[in-house]
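Starting from 1, each residue takes its place in the sequence as its number.
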Amino acid sequence: MPQQPDRKKTATFWIMFLVIFGIMNVLIYNRFVKQQVAEVGYDVFMKKIEDKTLEEAALSSTQIVFKDKSGNVYKTGLMEDAQLYERLYKSGAKFGAEIEEPMNPLLYYAITFGVQILLLVILWKFMMSRLKKRSGDDPDMLSFSLGGGRGRGTGRIYVKSKNDVRFKDVAGEEEAKDLLTEIVGYLHDPEKYTEIGATLPKGALLVGPPGTGKTMLAKAVAGEADVPFFSISGSEFVQMFVGMGAAKVRDLFKQAKEKAPCIIFIDEIDAIGKKRDASLSTNDEREQTLNQLLSEMDGFEGNTGVVILAATNRPESLDPALLRPGRFDRRIPVELPDLKGRIDILRVHAKKIRISENVDFDTIAKTASGASGAQLANIVNEAALRAVREGRKVVQQDDLMESVEVVIAGYQKKNKILTNKEKLVVSYHEVGHALVAAMQTHSAPVTKITIIPRTSGALGYTMQVDEDEHNLMNRTEILNKVATLAGGRAAEELIFDEITTGASNDIEQATKLARAMVTRFGMSDEFDMVAMEVVTNQYLGGDTSLACSPETQTKIDHMVVQIVKEQHQKAREILQQNVQKLHEIAKHLYENETITGEEFMEILNSSENTLLSGMTQE
């Protein structure tokens, strides 16, 4: 299909044309039309000679045509004047030559119209050549127009290139790769499947949190498949005028059928695939576009060789008609990677940088628990940047460990100055967390404690890393975690008999865990296995909404408060029993600002009891 400019480029063309058209009209009008010949008396002619404002005069047998220095042209009758030539000579005016009279207005408009048509053709050809050249500069991408007329949009067809993303470049999502590999295999060798009676899945929906690699998997499919790969975002279908989005859908599927076998990838399909309800008008643009998409997906005949891939972070918001078998036959979860997946992802991205051979990816992957593929890629890149800042030519283990903390808590705020009193409070606060965690069973080991402020707003933090990957948490583990979160505030109360705002994030997390125990995990004696809360947008933060009566909500609030209070008291008792160790570790942290998990356990297991003394609290 020939290349067509989008609305922005077309508007630019017309603006250029109108500007040039206006300038040309003004120039021609001033030059040829505005200067009409005015008939005047002979006295005006003589006056201009005397004032020496006459520039040029042409004398004939019947009249005189003259022009003054302002550019105005006049004519007057010829009078008998023996000294005329002498006066003209003395005035400095030119005379004897013919003066060019202004153009006839009709002739002007005829010439102007012709020039304008010529200018329009030249500008159009210039703009089309620029668009073709720009399209040809990118070997990985060709453009195709969707829809017609007003509201035209642009999609992309990916073709083979040397820099294709392949399945080997995508790590941490082995199940998703297996399912997509089967689709690619069907497109390459359909007879292998049709001889047993299998039919090609019409659609596969990639669902998962942001940054897990849904679009990367789609690009890998494009790299592996020897078929055209159409890529478009769901938002590109949404138009101001009703019917434009539906026209784009029709045009997309028409081209896909012509190029079958092929793959269509619709990113962020929830932009057009949201559930329909009674609040929407039958003429709503979004609903019209969705209806057209449903019709096109249902309209495929068997084994046409067109597969639709789509990606979304909000599968619960999609219309049920879109998710039924026969449209999106497969739902492929692209979840956060597990420990092995994180190690594989780190190794894939580490190939792109110069890295030391003794880097332990296992330790880094454990520290980055819960990180997405995009965050892991960012960790590797931050490590490379840190190595450059430190003047090294290779990335080391310390660079990667520090980059994990950068992604989790932000950069170190080296210029932020804490008073001695604040530094002391933060030291006890963080050691309170670490000591409560260490004195409980089923708690992750402490690997680092620091009181260096971070750009996230944290004045310090305690890092805990599990030895193994955990997918379940029992009631004891959750209660212990709530107690660990309360350890910072308990240490402030115990040592300073005062509390600060530093525990705000701890309070928020502890309350969230306690509420989930009651409303979602069925860990309360009163409500047993009844769910009091509904989770929405599980891949976008997991917002919750209560689904119970106001009276029940009041009971839930009381139970949550009781759980947090009990664990707060438990943390305080643990610290009271180990107050000497609290002093000793806090002193070491105050002096060194950062201590490792090994240093923490060494002090904790030592027999010394050194009180924190001689430290200024002002």
Side-chain angles (χ1 to χ4, degrees), residues 205-212 268 270 273-279 312-320 322-323 331 333-338 369-372 375 408 433 436-437 440 442-444 464 466 469-489 503-571:
L205 184 66
L206 304 173
V207 299
T212 50
E268 305 297 346
D270 51 275
K274 289 182 180 178
K275 294 177 183 177
R276 294 164 291 181
D277 53 48
S279 64
T312 181
N313 303 318
R314 303 176 60 193
E316 70 281 348
S317 70
L318 296 179
D319 194 281
L322 196 62
L323 301 177
R331 177 167 169 162
V334 188
E335 303 285 352
L336 293 172
D338 57 13
S369 178
S372 66
Q375 288 175 318
I408 295 173
H433 288 308
V436 172
Q440 296 182 114
H442 306 294
S443 291
Q464 295 176 258
D466 277 309
E469 193 82 1
H470 291 287
N471 298 305
L472 296 173
M473 289 182 69
N474 58 39
R475 192 173 189 274
T476 301
E477 290 174 334
I478 297 177
L479 291 174
N480 287 349
K481 192 167 185 178
V482 174
T484 300
L485 290 167
R489 170 60 64 83
S504 59
N505 184 254
D506 302 331
I507 294 170
E508 183 180 347
Q509 292 187 55
T511 305
K512 187 176 180 180
L513 279 173
R515 183 171 293 276
M517 290 178 64
V518 176
T519 60
R520 293 169 50 204
F521 302 152
M523 294 182 176
S524 66
D525 296 333
E526 184 170 349
F527 297 133
D528 197 31
M529 292 182 60
V530 179
M532 299 295 174
E533 205 169 45
V534 178
V535 179
T536 57
N537 295 335
Q538 60 174 325
Y539 295 129
L540 295 175
D543 299 331
T544 59
S545 58
L546 287 170
C548 55
S549 65
E551 293 78 8
T552 303
Q553 292 181 27
T554 302
K555 290 183 180 180
I556 291 172
D557 291 338
H558 288 309
M559 296 174 71
V560 170
V561 171
Q562 186 61 30
I563 291 173
V564 175
K565 286 181 69 174
E566 288 176 357
Q567 299 310 307
H568 183 192
Q569 182 59 33
K570 176 183 175 182

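When side chains are defined from C-beta on, E566 does not count as touching V482, because their heavy atoms never get closer than 4.5 Å. Under the 4.5 Å side-chain criterion, counting only non-hydrogen atoms from C-beta, V564 is not in contact with I507. Between K275 and L318 there is no side-chain heavy-atom pair separated by less than 4.5 Å. T552 is listed as a side-chain neighbour of M532, based on a closest heavy-atom distance under 4.5 Å.
The heavy-atom pair separating S443 from A437 by the smallest distance is CB-O, 3.3 Å. Across all non-hydrogen atoms, the minimal contact from A486 to H568 is CB-CA, 3.8 Å. L485 and A510 get closest at one heavy-atom pair: CD1-N, 3.6 Å. Shown here for P210 and N313, the closest heavy-atom pair between the two residues is N-OD1, 3.8 Å. Nearest heavy atom pair, residue M523 against residue M473, reads CE-O, 3.9 Å. Scanning both residues, R515 and L546, for their nearest heavy atoms gives NH1-CD1, 4.4 Å.
Summarising the local packing, NZ of K481 is surrounded by 12 or fewer heavy atoms from other residues, nucleotides or ligands at distances under 6.0 Å.
Annotation: the span from E526 atom CD to K555 atom NZ amounts to 5.0 Å, rounded to 0.5 Å. Atom CG of L513 sits about 12.0 Å away from atom CD of E477, to the nearest 0.5 Å. To the nearest 0.5 Å, atom OG1 of residue T554 and atom CE of residue M559 are 13.0 Å apart. The distance from atom CG of N474 to atom CZ of F521, rounded to the nearest 0.5 Å, is 12.0 Å. Within the model, atoms CD1 of I478 and CE of M517 stand 5.5 Å from one another, a figure rounded to the nearest 0.5 Å. In this structure, NZ in K512 is found 7.5 Å from CD in E508, a value given to the nearest 0.5 Å.
In the model, D270 has no side-chain atom that pairs as donor or acceptor with a side-chain atom of S317 under 3.5 Å. One side chain, T484 or Q440, offers a donor N or O that lies under 3.5 Å from an acceptor on the other. There is no side-chain donor-acceptor pair under 3.5 Å between D557 and Q553.
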Inset, instruction - Check the pair L205 / L323 against side chain to side chain contact (heavy atoms under 4.5 Å, CB included), numbers first and verdict last. - result: CA-CA 8 Å; L205 184 66; L323 301 177; 3.5 Å; yes

Legend entry - Residue pair R520, V535: steps toward the side chain to side chain contact (heavy atoms under 4.5 Å, CB included) verdict: CA-CA 9 Å; R520 293 169 50 204; V535 179; 3.5 Å; yes

Legend entry - Check against side chain to side chain contact (heavy atoms under 4.5 Å, CB included), C548 and I556: CA-CA 10 Å; C548 55; I556 291 172; 3.9 Å; yes

Inset, instruction - Give the C-alpha distance, both sets of side-chain angles, the deciding distance and a yes or no for side chain to side chain contact (heavy atoms under 4.5 Å, CB included) between D506 and H433. - result: CA-CA 10 Å; D506 302 331; H433 288 308; 2.9 Å; yes

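Looking at Q464, its side chain does come within 3.5 Å of a backbone N or O of A444 through a donor-acceptor pair.
With sequence neighbours excluded, the residues satisfying side chain to side chain contact (heavy atoms under 4.5 Å, CB included) with L336 are P209, T212, S372.
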